[in-house]
Amino acid sequence: MLKAREADTAPLDVVADFPAIPAGWAYLDTAATAQKPQIVVDAITRGYAETYATVHRGVYQRSADMTVAYEAARARIATFINAKSQDEIVYVRGATEAINLVAQSWGQSLKAGDRILLSQLEHHANIVPWQLLAARTGAIIDVAPLTEDGRIDLDAVATILTPAHKLVALSHVSNVLGSILDARRAADLAHAVGAKILIDGCQSVARIAVNVQALDCDFYVFSGHKLYGPTGIGVLWARGDILNAMPPWQGGGAMIDKVSFAGTTYAPAPGRFEAGTPHIVGALGLHTAIDYVSDIGLAAIHAHETALVTAARERLSAIKGVTLFGPADSAGIVSFEVAGVHPHDVGTILDEERVAIRAGHHCCQPLMAHLGVSATARASFGVYNSLADVDALARALDRVTRIFG
Ligand code: PMP
């Protein structure tokens, strides 16, 4: 495996680390889910085949060892995002569950007339939980507009926010446009009116270095599977004082202090939010994935993906009928349309050319409405992609335009 690289060295060449990427297949759907390096597959296999046992409950050595490994993964996640303490890290199934947890637990403090600010480019996972909360509490949702080039318009956010706003919830990197939020400025704007801020880090955490203390946010969420780790495990980070004041959201084993029919008391955070037997081996896989990404270095990853985006935008914009969406400095993601061709047809023809892209609304229907389309085609890059993949994409798109005249 690679050792740490500086951002200005040669492009990454790590595709050999990924057993599920055959030669000649351009996998350009990392924004949906990242392929897994062999060492992550090995960590998962070892977790089941050699060291498997439950955590937190066993009185035997194997279980005690697994608990140590499971908690070491939590500590690794904390250092990866520079959390103050591993007790601020809650294991969840993914970003979707993390946002629902915040909405259902922290959200209980909201009352009728309180306001929540989202943006036009949010993923449905960062819209619908807040709509459910608004329906329960009478809170009101506001929507921040986008700039011409597809960024969340923070100047507009500054004018929209009022003391009635209790929460601002925004994507760090758009899963459709790749636009990067100035999350620190967004946090400052939220805090200036006394609101909390949740950052959806699904697309950022594998693309740019994240430091939750420097960003000064209150909640940060992401999924392991977009970070070269397993599915079924993700992270809610919340500032310790906030997390400790939040009520439980799911009841069951492992989240309690004492249970009786007279009344139950709960474990301190993060255990209070982790009812039931967790995704034990998932945590081990995520630990290894974080080590893998950190060994390469997020600066090197960002530089690599930026070079691919620049090349892709240049090649695609030269193809007649192709329109690009989003800003030129997008993080690893390029959305586009081909005039007169449905994105699903684009995706199908590209698949015949061994180029895998995503086509659809990307769980961002409000953004599609804003762009005036029902769907886009999206190419998204990861550490394993190369300029050859960009070439393959451009060649395949040439074929699309030839077929459709
Ligand atoms: N937010 C963003 C920006 C995403 O890209 C995604 C996944 N497409 C999610 C939230 C939801 O993540 P998951 O499905 O892993 O819970």
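Along the sequence shown, residues carry numbers from 1. Both ligands and their constituent atoms are indexed starting at 1 by order of listing.
Summarising the geometry of His191 relative to Ile197, their closest heavy-atom pair is NE2-CG2, 4.1 Å, with the distance given to 0.1 Å.
Under the salt bridge (charged side-chain N to carboxylate O under 4.0 Å, His left out) criterion, the residue pairs touching residues 299-309 are Arg207-Glu305, with sequence neighbours excluded.
Of the N or O atoms in Ser171, none lie within a sub-3.5 Å distance of an N or O in ligand 1. An N or O contact shorter than 3.5 Å is missing between Glu97 and ligand 1 by distance.
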Test log, rule salt bridge (Lys or Arg N to Asp or Glu O under 4.0 Å), inputs Arg358 and Asp29: CA-CA 6 Å; Arg358 171 94 181 257; Asp29 200 18; 5.2 Å; no
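With atom 8 (N) of ligand 1 as the reference point, the heavy atom nearest to it among His362, Arg358, Lys226 is part of Lys226.
In this structure, Asp200 is part of the shell of residues with a heavy atom less than 4.0 angstrom from ligand 1. The closest approach between a heavy atom of His225 and any atom of ligand 1 is below 4.0 Å.
Relative orientation of the His361 and His124 rings is tilted, given thresholds of 30° and 60° on the angle between their planes.
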Output side-chain donor-acceptor pairs under 3.5 Å for residues 273-287, partner residues at least two apart or in another chain, one line each.
residue	atom	partner	partner atom	Å
Glu274	OE1	Arg74	NH2	3.1
Glu274	OE2	Arg74	NH1	2.8
Glu274	OE2	Tyr91	N	2.7
His279	ND1	Gly282	N	3.2
His279	NE2	Thr231	O	3.3

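Every atom of ligand 1 with a heavy atom of Ser223 under 4.0 Å away is listed here by number and element: 12 (O), 13 (P), 15 (O), 16 (O).
The closest protein non-hydrogen atom to atom 14 (O) of ligand 1 is Thr96 OG1, 3.6 Å. Counting only heavy atoms of the protein, atom 4 (C) of ligand 1 lies nearest to His123 CD2, 3.4 Å. The protein heavy atom nearest to atom 5 (O) of ligand 1 is Gln203 NE2, 2.7 Å. When hydrogens are left out, the protein atom nearest atom 9 (C) of ligand 1 is Cys202 SG, 3.4 Å; that is the closest non-hydrogen contact.
The one candidate from Val346, Ile349, Val338 that meets the side-chain contact (heavy atoms from CB on, under 4.5 Å) condition with Phe404 is Ile349.
For CD of Gln108, the number of neighbouring non-hydrogen atoms (other residues, nucleotides, ligands) closer than 6.0 Å is greater than 12.
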